[in-house]
Trainee: 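One structure, pasted below without further comment.
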Amino acid sequence: MSDAQGLLLLSALRALAPLALALVSLVAVPIISAKRFGAPLQAATRARYLVVALLLLSGGAAFVAGAGVSSTLSIEELSINPSQPGRLLVALGGPIFAIIVAVGEGRRAGAMGQVALFGLAVIDLALAIPIGLAPIALLLIGGTSLAALAAGGKEDAERARAVFRDLRSAGVLITLTVVAELLRSAIPLSATDPAYATTASLTAGVALSLSLIVLASIGAFPFHHRLVRIFDSLPIVGSLMVGVWIPAAITLIIFSELSLLISAVSDPIGGAVLPILVVTGAFTMLFGGISALLHDDVGEVLGFFAVGSSGWLALGLAAVIARPSTLAPHELVIPATLVISLFGIWRAAIRRRYDLVSLQDLTGWARHTSAIGLVLLGVIVALIAVPGSALWSARADVIGASGSVITVVVALAGAVSLVAAVLRVLLVGLSQKSRDVERTEVRRVTHPVTIAMLAGTILITGAAAGVIDVESAASELLRPAPEATVVPGDLP
């Protein structure tokens, strides 16, 4: 093998490692589940261990494959170059989903691990191909396919309806993506023919279409119903991947595109869209927090918590349109994703230990299983974050971009309500033990899965709270700004 061929192979492995590992799972999981490798009753356990190892490898490979020449794979005119945000999502997502699969166990653990592997591969690939808005369609189609895979094998009509709603939503969002791409491709014509349309009006149309895609993807009000039903119907791995991680990747792409487009326009384009986004973001936080406080079903509590957390991203969207040069909105995407995922780890652990869905039946859970209580305590710490950290500054910049005192008050009230919703679940766990909780077998603290869960909680909490600096890597634009900008249509 020549040096050039060796370099090409190395580049391919580093650029496509998450996808390669996901494809490997299609062959490896059935093989490891065969009788020749052990008793059929242990097949699910062997598959779980395998996908956990593959998820850890996927995260490690993404960490190694940073943006650079040695990680760039060129196939004719297509360039696949792992971006910093994409690498970070996969590097964090691999261990997080490995913990969830290990903690959740169950007979479909292998299939859920494959859902996570392919979800991370789609995210990595979409954020590595800078070809306009096409990666958004890739993420939407991938998310719908993963939702169907996560719901497979169950005769639950509610899960089928959740997948059908997700399919309808993806169809609408793909249509909006096409509209945004058509408007963006028409921008150069406005520079040569003023009678055609103004650059500002076309850019505003693109911004409006992309804003609707973000709001619907992240589950902001009034698009929250889909997200709540996903968390209430699908397994936690599918819920997090389809409802949180893929929308986070879509948000990063759109934030980057809007920053480049709007920076190239001298006229303000916010118009009536900006105040609507600001009000939507603030109200979503308050609505999600209060709804999580009022609901008793654990799945719905987590769903509404995810809705409230998406309010930060809606406010970030408004900040990008108002101040396209600011990086604060980009810095909020990863921490918000990590907080919801940490809550998801708690949900998986509770479901596995108690198999209960009502908080009324789960009274005393934290006293009975203190290790799981520490996970929820990590969620509260991550929500509050470290005062004075870069995350706090980013939140202040995003809220301050609204320019309205009322909006700031509502957003802060929403942030407090989200903390109160998690605190309420913790207080339920510290109350008198219910009969169902009392008779549940407790796993020892020294169990390897428990140790991994606690270690992961510490790391995720540190990253989400601003102790470990991960948000700066997510603030990198997915495409470089042009050296000389005339109109947005001239962007490479």
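Since this is a predicted model, take the numbers as computed values, not measurements. Atoms considered below: every heavy atom in the structure, side chains included; atoms not considered: hydrogens, waters and symmetry mates.
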Trainee: Side chains of E300 and L294, heavy atoms from C-beta outward: is any pair under 4.5 Å?
Mentor: no

Trainee: Does the side chain of F343 reach to within under 4.5 Å of the side chain of L376, using non-hydrogen atoms?
Mentor: yes

Trainee: Determine, step by step, whether F223 and I218 satisfy the side-chain contact (heavy atoms from CB on, under 4.5 Å) criterion, reporting the C-alpha distance in whole Å, the side-chain angles of both residues, the deciding distance to 0.1 Å, and the verdict.
Mentor: CA-CA 8 Å; F223 306 103; I218 63 178; over 6 Å; no

Trainee: When you compare the side chain of F255 with that of L332, does any pair of heavy atoms fall below 4.5 Å?
Mentor: no

Trainee: For S209, which of I254, L182, V179 qualifies under side chain to side chain contact (heavy atoms under 4.5 Å, CB included)?
Mentor: V179

Trainee: Please examine the side chains of L92 and I460, heavy atoms only from C-beta on, and report whether any two atoms are closer than 4.5 Å.
Mentor: no

Trainee: Between W346 and T457, do the side chains contain a donor N or O and an acceptor N or O under 3.5 Å apart?
Mentor: no

Trainee: Within 45° of the ring axis of W312 and under 6.0 Å from its six-membered ring centre, is that where the NZ or CZ of R395 lies?
Mentor: yes

Trainee: Quick one: are V425 and W365 in side-chain contact, heavy atoms under 4.5 Å?
Mentor: yes

Trainee: What orientation do F287 and H224 show, parallel under 30°, tilted 30 to 60°, or perpendicular over 60°?
Mentor: perpendicular

Trainee: So L127 and P135, do their side chains get closer than 4.5 Å, heavy atoms only?
Mentor: no

Trainee: Below 4.5 Å, heavy atoms only, C-beta onward: do I236 and R351 meet side chain to side chain?
Mentor: no

Trainee: Enumerate the side chain to side chain donor-acceptor pair (under 3.5 Å) contacts for residues 273-296, please, sequence neighbours excluded, ordered by first and then second residue.
Mentor: D296-S358

Trainee: Quick check against the 3.5 Å criterion: does T337 have a side-chain atom that pairs as donor or acceptor with the backbone of V333?
Mentor: yes

Trainee: Does a side-chain heavy-atom distance below 4.5 Å link L139 with I253?
Mentor: yes

Trainee: Is S145 reaching over with its side chain to a backbone N or O of I141, donor-acceptor style, under 3.5 angstrom?
Mentor: yes

Trainee: Counting only N and O atoms by type, is there a donor-acceptor contact under 3.5 Å from the side chain of T369 to the main-chain atoms of A371?
Mentor: no

